[in-house]
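These notes concern the structure reproduced below.
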Amino acid sequence: MGNLILCRNERAKTPYYIENGKLNIYSLEELMFYAQTSNFVAGEDFLKPQFVRWVDAELNLPELAKVLDEKLSKGCGLVDFFLPLETAGGYLTPSEMQILNVKLHKYDHMSGLEAKKQYADQFFVRNDLVQAIHAYRVLLNDESFLEKQGHVAGDIWSNLGCAYARLFDYEEAFLCFVRGYSLNHRHETLKQAVDVAVLSGKEELLAELSSRFMSYANQIATERGHMEQLLEKEIYECRLTEPVDQLLISWNDNYRMECDG
């Protein structure tokens with residue numbers, strides 16, 4: 001049985017659409033529930049005049065709208081903007097408000113690209129891989145964000161590679177990890193590139209990796225050996241009981257855990 005949300009305030013006839021959440025809300029209580037449970041709250045969804053007008057006209061809260069408008073004019077962040085909403089809603093307990101404000105404070109101090117990445121990551125966490133890939137691709141096509149934040153862009157490429165790996169598209173995952181490593185220079189990203197190259201069974205991918213990152217040839221060789229040993233062990237344990245396709249699925253499940261880690 002689902003939870004029942006009791007709305008004490010007026011319910012809007014026309015909902016407010018939260019773009020990043022892909023959700024319509026009709027009340028302050030629904031807004032608080034969304035902010036409390038969502039994996040990501042985007043400032044661009046609320047810190048704008050359209051939301052203030054909705055509070056005024058649809059929720060019939062002109063005094064609250066006036067407070068919010070003043071905060072907008074001062075260039076406030078999510079925490080400061082949400083405080084009067086939290087108080088007016090009466091939905092959250094004091095401890096829940098404190099937890100929510102800590103979360104909003106984190107979003108206030110994220111760069112634009114980091115915040116967008118957080119939004120895309122929620123699909124990956126839910127294993128909605130097609131939506132995650134789309135969200136990551138949208139980010140990676142936005143040059144206005146990427147040109148200033150290469151390390152974050154590298155992490156996005158890495159996460160995109162993990163999404164492709166979960167879908168067994170190891171060659172596409174390899175390209176993503178290589179691109180990611182070129183930007184974030186994280187050892188884990190290089191390791192993932194080696195792993196999917198081994199899983200793909202294509203020697204040319206491993207050769208390309210060694211050629212492109214010659215100064216890390218020893219690390220690449222070490223990780224290749226480690227991955228091949230794991231694969232051989234998996235094959236040895238499963239070859240008598242599982243067909244080849246199922247074996248690869250089983251092996252990929254193990255690889256997913258490495259990506260998630």
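Any value given below was found using the heavy atoms of this structure, including those in side chains, with hydrogens, waters and symmetry copies removed.
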Open item on the list: Determine whether the aromatic ring centres of residues Phe123 and Tyr136 are separated by less than 6.0 angstrom.
Closed with: no
Task: Electrostatic pair Lys48:Glu44 at N-O distance under 4.0 angstrom - done: no
Open item on the list: I want to check something: taking the side chain as every heavy atom from C-beta on, are Glu58 and Pro15 in contact at a cut-off of under 4.5 Å?
Closed with: no
Task: Exam field: side chain Ser38 to backbone Val41, donor-acceptor pair closer than 3.5 Å - done: no
TODO: Answer with yes or no whether the hydrophobic clustering places Tyr26 together with Leu31; edges join I, L, V, M, F, W, Y residues whose side-chain heavy atoms lie under 4.5 Å apart.
DONE: no
Task: In one Ile/Leu/Val/Met/Phe/Trp/Tyr side-chain cluster, 4.5 Å: Val67, Val79 - done: no
Task: 4.5 Å side-chain heavy-atom contact, Leu85 and Leu68 - done: yes
Open item on the list: Would you compute the distance between atom CG of Asp169 and atom SG of Cys176 and round it to the nearest 0.5 angstrom?
Closed with: 8.5 Å
TODO: Apply salt bridge (Lys or Arg N to Asp or Glu O under 4.0 Å) to the pair Glu70 and Lys74, showing each step before the final yes or no.
DONE: CA-CA 7 Å; Glu70 291 175 354; Lys74 296 177 182 178; 5.6 Å; no
TODO: Taking the six-membered ring for Trp and the full ring for Phe, Tyr or His, determine whether the centres of Tyr16 and Phe51 are under 6.0 Å apart.
DONE: yes
Open item on the list: Ignoring hydrogens, what is the shortest heavy-atom contact between Ala165 and Ala173? Give both atom names and the distance.
Closed with: N-CB, 3.8 Å
TODO: Kindly say whether Phe33 contributes a backbone atom to a donor-acceptor pair with the side chain of Thr37 at under 3.5 angstrom?
DONE: yes
Open item on the list: Walk me through whether His151 and His185 qualify under side chain to side chain contact (heavy atoms under 4.5 Å, CB included).
Closed with: CA-CA 8 Å; His151 68 288; His185 306 293; over 6 Å; no
Task: Heavy-atom pair of closest approach, residues Lys103 and Ala35 - done: NZ-O, 2.7 Å
Task: Closest non-hydrogen atom pair, Ala120 against Leu139 - done: CB-CD1, 4.4 Å
TODO: Would you mind reporting whether Tyr216 and Ser210 have side-chain heavy atoms less than 4.5 Å apart?
DONE: no
TODO: Measure from NZ or CZ of Arg166 to the centre of the six-membered ring of Phe124 and say whether it is under 6.0 Å with the direction within 45° of the ring axis.
DONE: yes
- [ ] Look at atom NZ of Lys66 and say whether more than 12 heavy atoms of other residues, nucleotides or ligands are closer to it than 6.0 Å.
- [x] no
Open item on the list: Ring centres under 6.0 Å, that's the criterion: do Phe213 and Tyr181 meet it?
Closed with: yes
TODO: Please indicate whether Glu63 has more than 12 foreign heavy atoms, meaning atoms of other residues, nucleotides or ligands, lying under 6.0 Å from its CD.
DONE: no
Task: CD-CD1 distance between Gln36 and Ile99, expressed to the nearest 0.5 angstrom - done: 8.0 Å
TODO: With sequence neighbours left out, write down each residue that passes side chain to side chain contact (heavy atoms under 4.5 Å, CB included) with Asp80, or none if nothing qualifies.
DONE: Lys71, Cys76, Leu83
Task: Flag, side chain of Ser200 to backbone of Ala197, donor-acceptor distance under 3.5 Å - done: yes
- [ ] Please report the closest heavy-atom contact between Asn184 and Ser158, naming both atoms and the distance.
- [x] ND2-CB, 4.5 Å
TODO: To the nearest 0.5 Å, tell me how far Met97 CE sits from Met32 CE.
DONE: 8.5 Å
- [ ] Could you check if a side-chain atom of Leu209 sits within less than 4.5 angstrom of a side-chain atom of Leu190, using non-hydrogen atoms only?
- [x] yes
- [ ] List for me each residue that meets side chain to side chain contact (heavy atoms under 4.5 Å, CB included) alongside Tyr17, sequence neighbours excluded, and say none if there are none.
- [x] Glu19, Lys22, Asn24
TODO: Apply side chain to side chain contact (heavy atoms under 4.5 Å, CB included) to the pair Glu86 and Asn101, showing each step before the final yes or no.
DONE: CA-CA 10 Å; Glu86 295 166 7; Asn101 289 332; 2.7 Å; yes
TODO: For Gly154 and Leu183, work out which heavy atoms get closest and say how close.
DONE: CA-CB, 3.7 Å
Task: Test: Arg186 and Asp155 ion pair at under 4.0 Å - done: yes
- [ ] Report yes if the side chains of Phe46 and Ile18 come closer than 4.5 Å at any heavy-atom pair, otherwise no.
- [x] yes
TODO: Spell out, as yes or no, whether a donor-acceptor pair under 3.5 Å connects the side chain of Asn141 to the backbone of Arg137.
DONE: yes
TODO: Determine the minimum heavy-atom distance between Tyr170 and Val196, stating which atoms define it.
DONE: CB-O, 3.7 Å
Task: side chain to side chain contact (heavy atoms under 4.5 Å, CB included) between Leu104 and Leu100, intermediate numbers included - done: CA-CA 6 Å; Leu104 295 177; Leu100 173 59; 4.0 Å; yes
Open item on the list: Is there a side-chain contact between Leu28 and Leu64 in this structure, where contact means two heavy atoms from C-beta onward sitting under 4.5 Å apart?
Closed with: yes
Task: Gap between atom CG of Leu140 and atom CG of Leu160 - 0.5 Å precision - done: 6.5 Å
TODO: Any chance you could lay out the ring pair (Phe, Tyr, Trp, His ring centres under 6.0 Å) test for Tyr164 and Phe174, step after step, and finish with the verdict?
DONE: CA-CA 9 Å; Tyr164 279 117; Phe174 173 81; over 10 Å; no
TODO: Please tell me if the side chains of Lys117 and Asn159 come closer than 4.5 Å, counting only heavy atoms from C-beta onward.
DONE: yes
Task: Over 12 foreign heavy atoms within 6.0 Å of CD, Gln98 - done: no
Task: Salt-bridge contact Lys202-Glu208 (side-chain N to carboxylate O under 4.0 Å) - done: no
Open item on the list: Donor-acceptor pair, distance only, cut-off 3.5 Å: does the side chain of Trp54 make one with the backbone of Pro49?
Closed with: no
Open item on the list: Quick one, Leu167 and Ile133 - any side-chain contact, counting heavy atoms below 4.5 Å?
Closed with: yes
- [ ] Any chance you could measure Glu203, atom CD, to Arg224, atom CZ, to the nearest 0.5 Å?
- [x] 4.0 Å
- [ ] Could you tell me the separation between the CZ atom of Phe81 and the CG atom of Leu47, rounded to the nearest 0.5 Å?
- [x] 5.5 Å
Task: Polar side-chain atom of Asp195 near backbone of Met227 as donor-acceptor pair, under 3.5 Å - done: no
